[in-house]
Every structure is written in C-alpha cells, then in structure tokens.
Amino acid sequence: MEGVIDAHTRALLTRLPGFDWAVTEFVRVVDARLPPRVFHKHCPELTLPEVATPSGVPVHLQLLGSDPEALAANARQALRLGAVSLDLNFGCPAKLVNRHDGGASLLRDPRRVHDAVAAVHDAVGQAIPVTAKVRLGFADRRLALACSLAAQEAGARQLVVHGRTRDEGYRPPAHWEWIGRIRRHLSIPVVANGDIWSLEDYWRARTLSGCDDVMLGRGALADPWLAHRIRHWQVTGETLPATPWRARAEILAHFAALQRSTLPERVVASLVKQWLNQMRARDAEAARRFASLKRLTRLDDLLLGLAADDACRADAAQPA
C-alpha cells in the first residue's frame with residue numbers, strides 16, 4: 001500500500017467503527033539509522049500521545065528491510081519516538097523493492113525472516129509488540145509454513161498472511177485455505193489478507209482460513225465503508241446497504257481538502273484519481289466517473305465532476 005495509505009487516508013477510513021488498528025506505509029530501512037523526520041513523515045501520529053488516528057484507532061509503524069543490524073537500530077529509533085507497535089513487511093511484491101532485497105524477497109530463506117524479526121524483537125524487548133506480514137512464498141508455496149514459523153520463533157506476536165505468493169502478485173484468487181494450513185501450526189494469532197472486497201468475501205476468508213480476523217488493504221479503498229459494514233454485521237447481525245456514490249464522492253472531497261493544505265493541486269488531483277481508480281473495479285458509478293474524469297488535471301474541475309448529480313454532468317466537466 002505504498003503511496004496510498006497515508007495519515008489523511010487512515011483518518012478518513014477510521015472515522016466510523018470497524019478497524020481495530022491501522023498500519024503505516026513502510027519505512028524503508030537500508031543500512032543506517034534514519035532521522036526522526038522520516039518516521040514522522042510516514043507516521044505523523046507519532047506526535048500524538050496515543051499514536052492513533054483522530055478517532056482513536058492505534059497506528060502501527062511498519063519497517064521494510066533485510067539487514068538485521070539496521071532494522072534493530074531503526075526499531076530502537078522508532079521506540080524512542082513513541083511507536084506503540086512495529087510491523088515487519090515481508091509481503092511487498094514490488095519488483096523494485098524485491099530487487100533491492102526487501103519485502104517478499106526474504107521469503108526465499110526462512111532463516112533471513114527469523115534473523116530480521118529476532119533483531120527487531122531483541123532491540124525493543126518487551127516494550128512494544130513486534131508483528132509481521134508475509135505472503136505464501138516467493139515463487140511457490142514450499143516455504144510458506146517454514147517462513148511463518150520462523151517469524152513466530154523469532155518473537156513475532158502476530159502474523160498477517162496474504163494468500164498469494166510474490167510471483168502471483170494480486171492475481172485472483174487469494175488462497176485463503178492455505179492461510180488456514182499455516183494457522184493450524186502456529187500458536188500466535190494469524191490474520192487473513194487478500195481479495196476481501198465485500199462482506200461475503202470476509203466470511204469466506206474467515207471460513208476457509210479459520211482466522212478470527214482479517215486485514216483489509218485495497219478492499220478498504222475500493223469501499224471505504226467495508227470495515228464498518230463488517231463491524232455492523234458483527235454487532236447487530238444486520239447487513240448495511242451498498243455504499244452509494246454520493247458517500248464515495250464525499251470521502252474523496254474530504255481527502256482532497258486535507259491533501260491540498262500541503263500539496264500542489266495537480267498532485268492532489270492525481271491522488272484523488274488514484275483513489276477513484278481503486279473504487280472503479282467494484283462500483284459501476286465509480287467506473288463511469290473515472291472514465292469521464294481521468295484526463296482532468298485541475299483539482300476544482302475534478303471535484304465538480306465528482307459532485308455532479310449524474311455521470312452525464314461529469315462528462316460535461318471535461319475540457320473541450
């Protein structure tokens with residue numbers, strides 16, 4: 001979720017009950033201790049007493065790297081700055097990240113997963129929990145269980161498992177049943193992740209994996225009310241109606257208002273279209289709006305097109 005889930009997005013997604021905690025974009029660790037400004041850029045919530053979104057949802061800081069000593073040094077830095085939990089990213093499938101020995105590239109050797117987790121765990125002791133996120137492997141699933149056990153044995157208190165290998169990327173389906181195979185061998189909580197776009201997907205993922213909890217990534221952007229819809233069903237047994245376009249347009253407008261206070265308007269317009277693009281695969285109206293607005297570069301024109309009563313009026317927002 002690099003470049004997508006910043007502090008503004010976290011604040012908007014957690015306004016309604018649903019999420020138990022949120023995770024930052026990863027802080028890339030290479031070979032040196034990073035200055036505080038890097039941590040504050042990725043996690044502005046560190047300046048708040050509770051390190052949480054405005055609605056009180058705790059924010060966990062994520063590190064991505066492969067060098068145990070560098071990870072340990074930055075874990076200590078994060079602890080000094082007030083981090084309440086550290087998550088290690090062994091799931092990023094991006095080619096650039098993997099070429100530089102980060103993310104899912106470590107899943108080719110369980111010993112490297114163990115050493116990375118152990119280094120961070122030893123660096124922070126019992127002060128804050130260390131968690132990890134993995135995939136089912138790099139090219140195949142042969143080492144899926146070994147890598148998961150390595151993370152547990154090194155001190156991870158929780159493991160999020162994305163139900164695909166690195167080579168599978170985000171191609172459906174996610175193999176939730178494989179997450180269940182891992183869960184049965186671990187004593188720490190396992191959280192299912194991947195291809196959870198709806199309440200029905202949530203229940204299928206829980207049923208096939210046996211996990212009590214799931215993590216939402218792209219699904220939360222595609223439908224910003226998905227976590228709330230899940231929580232509402234858990235509490236009341238009632239199914240909320242589908243998220244209407246007006247609600248989607250409003251959250252995009254709020255997002256733009258937050259971003260434009262610090263970023264150039266052309267950049268904000270690009271970010272808004274990026275989020276709208278995440279919505280369009282699962283919502284017909286979002287797809288129509290994206291098709292009609294994707295070439296706009298002026299933020300005000302884009303916002304007018306989003307607020308238009310129908311897609312025809314959105315078409316009118318395009319420059320001649």
key: CA sep, side-chain torsions, deciding dist, call: F255, D6, side-chain contact (heavy atoms from CB on, under 4.5 Å)   = CA-CA 11 Å; F255 176 70; D6 62 4; 4.3 Å; yes
task = Go through D223 and D283 one step at a time and tell me if the side-chain contact (heavy atoms from CB on, under 4.5 Å) criterion holds.
result = CA-CA 9 Å; D223 181 358; D283 182 77; over 6 Å; no
request  = For side-chain contact (heavy atoms from CB on, under 4.5 Å), just list the numbers for D67 and V29, CA-CA rounded to whole Å, side-chain angles, deciding distance to a tenth of an Å, and then say yes or no.
outcome  = CA-CA 8 Å; D67 180 79; V29 173; over 6 Å; no
task = Report the C-alpha distance between I182 and L136 in whole Å, list the side-chain angles of each, state the deciding distance to 0.1 Å, and finish with yes or no for side-chain contact (heavy atoms from CB on, under 4.5 Å).
result = CA-CA 9 Å; I182 291 171; L136 295 180; 3.8 Å; yes
ask   = Yes or no on salt bridge (Lys or Arg N to Asp or Glu O under 4.0 Å) for R288 and E285, after CA distance, side-chain angles and deciding distance?
value = CA-CA 5 Å; R288 286 192 287 271; E285 183 59 29; 2.7 Å; yes
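Going from atom CG of D213 over to atom CD of Q158 covers 7.5 Å, rounded to the nearest 0.5 Å. Remark: S66 OG to L88 CG distance equals 11.5 Å, nearest 0.5 Å. The line from CZ of R289 to CG of N277 is 16.0 Å long, rounded to the nearest 0.5 Å. L240 contributes atom CG, which lies 5.5 Å from atom NE2 of H228 (distance to the nearest 0.5 angstrom). Rounded to the nearest 0.5 Å, atoms CZ (R246) and CD1 (I251) are 15.5 Å apart. For the atom pair OG (S105) and CZ (R166), the distance works out to 9.0 Å, reported to the nearest 0.5 Å.
Within 6.0 Å of the NE2 atom in H100, the count of heavy atoms belonging to other residues, nucleotides or ligands does not exceed 12. Environment of NE2 in H185: sparse, with no more than 12 heavy atoms of neighbouring residues, nucleotides or ligands closer than 6.0 Å. In E50, the CD atom is not crowded: 12 or fewer heavy atoms of neighbouring residues, nucleotides or ligands sit closer than 6.0 Å. Other residues, nucleotides and ligands place no more than 12 heavy atoms under 6.0 Å from the CD atom of E69. Atom CZ of R231 sits in a crowded spot, with more than 12 heavy atoms from other residues, nucleotides or ligands closer than 6.0 Å. The number of heavy atoms from other shown groups lying within 6.0 Å of CZ (R80) is above 12.
Within the 4.5 Å cutoff, the side chain of C92 has heavy atoms near those of the F26 side chain. The shortest side-chain heavy-atom distance between R28 and V30 falls under the 4.5 Å cut-off. Contact check for R15 versus H254: side-chain heavy atoms found under the 4.5 Å cut-off. Proximity of R183 to L159: side-chain heavy atoms (C-beta onward) are nowhere separated by under 4.5 Å. With contacts defined as side-chain heavy-atom distances shorter than 4.5 Å, the pair R181/L145 does not qualify. With a 4.5 Å cut-off on side-chain heavy atoms, D212 and P189 do not count as touching. At a threshold of 4.5 Å between non-hydrogen side-chain atoms, the residues L12 and L258 count as touching. A 4.5 Å side-chain heavy-atom check between C211 and R206 finds every atom pair outside the cut-off.
R141 and H175 are linked by a side-chain donor-acceptor pair at a separation below 3.5 angstrom, with hydrogens and angles left out of the test. Side-chain polar atoms of R229 and T243 form a donor-acceptor pair below 3.5 angstrom.
Among all heavy-atom pairs drawn from D87 and A132, the shortest one is OD1-N, 3.3 Å. When all heavy atoms of A269 and T297 are compared, the closest pair comes out as CB-O, 3.7 Å. Across all non-hydrogen atoms, the minimal contact from A286 to L276 is O-CD1, 3.9 Å. Heavy atoms only, all atoms of each residue included: A205 and I196 are closest at CB-CD1, 3.9 Å. When all heavy atoms of L106 and R112 are compared, the pair lying nearest together is CD2-O, 4.0 Å. For the residue pair A150 and P110, the shortest heavy atom distance occurs at CB-O, 3.4 Å.
Between the side chain of W275 and the backbone N or O of L221 there is at least one donor-acceptor pair closer than 3.5 Å. W225 places no side-chain N or O within 3.5 Å of a backbone atom of P244 that could act as its donor or acceptor partner. In terms of modelled atom types and a separation under 3.5 Å, the side chain of T131 and the main chain of R157 share no donor-acceptor contact. Between the side chain of N193 and the backbone N or O of M215 there is at least one donor-acceptor pair closer than 3.5 Å. Of the possible polar contacts, one joining the Q152 side chain to the I188 backbone as a donor-acceptor pair under 3.5 Å is found. Not one N or O on the side chain of T236 forms a donor-acceptor pair closer than 3.5 Å with the backbone of W233. Here the side chain of K273 pairs no donor or acceptor atom with the backbone of L302 at under 3.5 angstrom. Put simply, the side chain of Q77 gets close to the backbone of L34: a donor and an acceptor are under 3.5 Å apart. A donor-acceptor pair under 3.5 Å links the side-chain atoms of D201 to the main chain of W197, judged by distance alone. Panel note: side chain R108, backbone F138; no donor-acceptor pair is recorded below 3.5 Å.
Y170 carries R135 over the face of its six-membered ring, with the cationic atom under 6.0 Å from the centre and within 45° of the normal. Stacking of R248 on the aromatic ring of W245 is not recorded, the 6.0 Å distance cut-off and the 45° axial limit not both being met.
Residue V160 is not grouped with residue L149 when hydrophobic side chains (ILVMFWY) are merged at heavy-atom distances under 4.5 angstrom, including chains of intermediate members. Residue V191 is not grouped with residue L13 when hydrophobic side chains (ILVMFWY) are merged at heavy-atom distances under 4.5 angstrom, including chains of intermediate members. When the side chains of ILVMFWY residues are joined at heavy-atom separations under 4.5 Å, either directly or via intervening members, V23 and L216 end up in two distinct hydrophobic clusters. Residues L86 and V59 are members of separate hydrophobic clusters, defined by side-chain heavy-atom contacts under 4.5 angstrom among Ile, Leu, Val, Met, Phe, Trp and Tyr. Both L81 and L63 are part of a single hydrophobic cluster, where members link through side-chain heavy atoms under 4.5 Å apart.
The aromatic rings of W21 and H60 lie parallel to each other, with less than 30° between the two planes, well short of the 60° mark.
By the 4.0 Å N-to-carboxylate-O rule, D300 lies close enough to R260 to be salt-bridged with it.
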